[in-house]
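Chain naming here is simple, since letters A, B, ... match the order of the sequence lines and numbering starts at 1 in each. Note that the structure is a prediction, hence the values are computed from the model and not measured.
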Number of protein chains: 2
Amino acid sequence: MSKIVVDPRKRPRQRRSEATVDAILEAAARILESDGLDALTTNAVADRAGVSVGSLYQYFPGKTALLAELIRRERGALVRRIAATAAKPASNLEADVAAFIDAAVAHQLTRPALARALDFLEPTLPLDAESSTLNANLADIVSAFLMRHGVTAPEQAARDLIALTKGMVDAAGMTGETDHASLSSRVTRAAVGYLLR
Amino acid sequence: MSKIVVDPRKRPRQRRSEATVDAILEAAARILESDGLDALTTNAVADRAGVSVGSLYQYFPGKTALLAELIRRERGALVRRIAATAAKPASNLEADVAAFIDAAVAHQLTRPALARALDFLEPTLPLDAESSTLNANLADIVSAFLMRHGVTAPEQAARDLIALTKGMVDAAGMTGETDHASLSSRVTRAAVGYLLR
DNA sequence: GTCTATAAGCAGATAGAC
DNA sequence: GTCTATCTGCTTATAGAC
């Protein structure tokens, strides 16, 4: 194996190639969802995407870069969702927390198996600057919000709430739960309990 | 790769061989802790254990069986700990929940990196009957306890509390947290909030 | 019972034709 | 730009010596 390269942006994409890149990423996502990480080989991804390995390597310098990009997109979508929620606060701690968690649950329930696989995958990858930044952004948004509400140790609280949410939602996904409202309210109960007790 | 075999008990151990088995498992644990799953090859484990691959395969029918046994032991220890806690209830929901979580936190903080690695690994392995039973035992103990306290939907609550705890503790481990008391009290706050709100 | 050496298979990655 | 064919290295697993 050569040096691990995480950043696919070194190979700036042609506009027309975006469809190919998307097809590759979508193929990888579907393999992760249906067969797990072990089945995610470059050949399998290329097959499923309807291209050859050679083409895959034209767009991604390695398997790791492909996975990193997948995480980057997922995380980006989540952060945008949370940021949008943060933009319209109800200035009531409990309602705002509920809104955050609702957004996170909605995001995870869109493609539960994929979200879970990426959650597990992320800590094992050498994250590039952008992905780290996205995670930091998420924590920062929550942290800033908590601070505004006068929560003590807002950074630690943000980490705890994110972890708690991730844990509960991933577990729910594993048991096949799909009831957004129920899950969201249970997570909110734990989160608000954490904050107000 | 041949058929995946998870159950090492097909090869009943000689009494004197237990030391070798322990050495192999401990070597695997240490590699998981220090270098992660990718570094855990059968050769690396054998090396670190001071035996040859041949010997390893005499005790474990495959890499998967080795990992399964590692999980079985860890989970067994946790379940025993939780069961012991359940045996002396304070008959006060909050205090009992705190005791459970204290036990779980203590367990995870014993070898945080290992516990985390196994938590991530477990869902990817084809679990044998005994490991599944251990997990079910854990959920059952918590569930029965919650039912005794009149909690509604005790099975779902047990799953949620276990997931919430796992999520928070694993995340804390990743950031290098070692303060048992602080972590334990934060998790308890979330758990009690979940139950009483 | 434990070792060494090696077989067998596969994944990641590349070269070169078209 | 995309494909086919191939190489290289590594991992699992086994065979056979001691």
What are the atom names and distances for every N/O pair under 3.5 Å that joins the protein to nucleotides 3-6 of chain D?
from	atom 1	to	atom 2	distance (Å)
D:dC3	OP2	A:Ser52	N	2.9
D:dC3	OP2	A:Ser52	OG	3.0
D:dC3	OP2	A:Ser55	OG	2.6

| Looking at A:Thr41, does any N or O in its side chain come under 4.0 Å of the phosphate oxygens OP1/OP2 on C:dA11? |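 Answer no for this pair, as no side-chain N or O of A:Thr41 is under 4.0 Å from OP1 or OP2.
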I need the [atom1]-[atom2] distance between [X] and [N], as an integer number of Å.
X	N	atom1	atom2	value
B:Asp47	D:dT12	CG	P	12 Å
B:Lys63	D:dC10	NZ	P	15 Å
A:Asp35	C:dA11	CG	P	13 Å
A:Phe60	C:dG12	CZ	C1'	16 Å
B:Tyr59	D:dA13	OH	P	18 Å
B:Asp38	C:dA11	CG	P	15 Å
A:Gln58	C:dT14	CD	P	12 Å

Any carboxylate oxygen within less than 4.0 angstrom of a Lys/Arg side-chain nitrogen, looking at [X] and [Y]?
X	Y	result
A:Asp119	A:Arg75	yes
A:Glu26	A:Arg48	no
B:Arg186	B:Glu177	yes

| query | Does CZ belonging to B:Arg111 count more than 12 external heavy atoms closer than 6.0 Å? | reply |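 More than 12 heavy atoms, drawn from other residues, nucleotides or ligands, come within 6.0 Å of this atom.
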| query | Does the side chain of B:Gln108 reach to within under 4.5 Å of the side chain of B:Arg116, using non-hydrogen atoms? | reply |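 Result no, sub-4.5 Å side-chain heavy-atom pair not found.
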| message | Please determine whether residues A:Tyr194 and A:Leu93 belong to a single hydrophobic cluster, defined as Ile, Leu, Val, Met, Phe, Trp and Tyr linked transitively by side-chain heavy-atom distances below 4.5 Å. | response |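 They do share one cluster, since a chain of ILVMFWY contacts under 4.5 Å joins A:Tyr194 to A:Leu93.
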| query | From the list D:dT2, C:dG12, C:dT2, which nucleotide is the closest neighbour of the side chain of A:Tyr57? | reply |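 Nearest to the side chain of A:Tyr57 among the choices is C:dG12.
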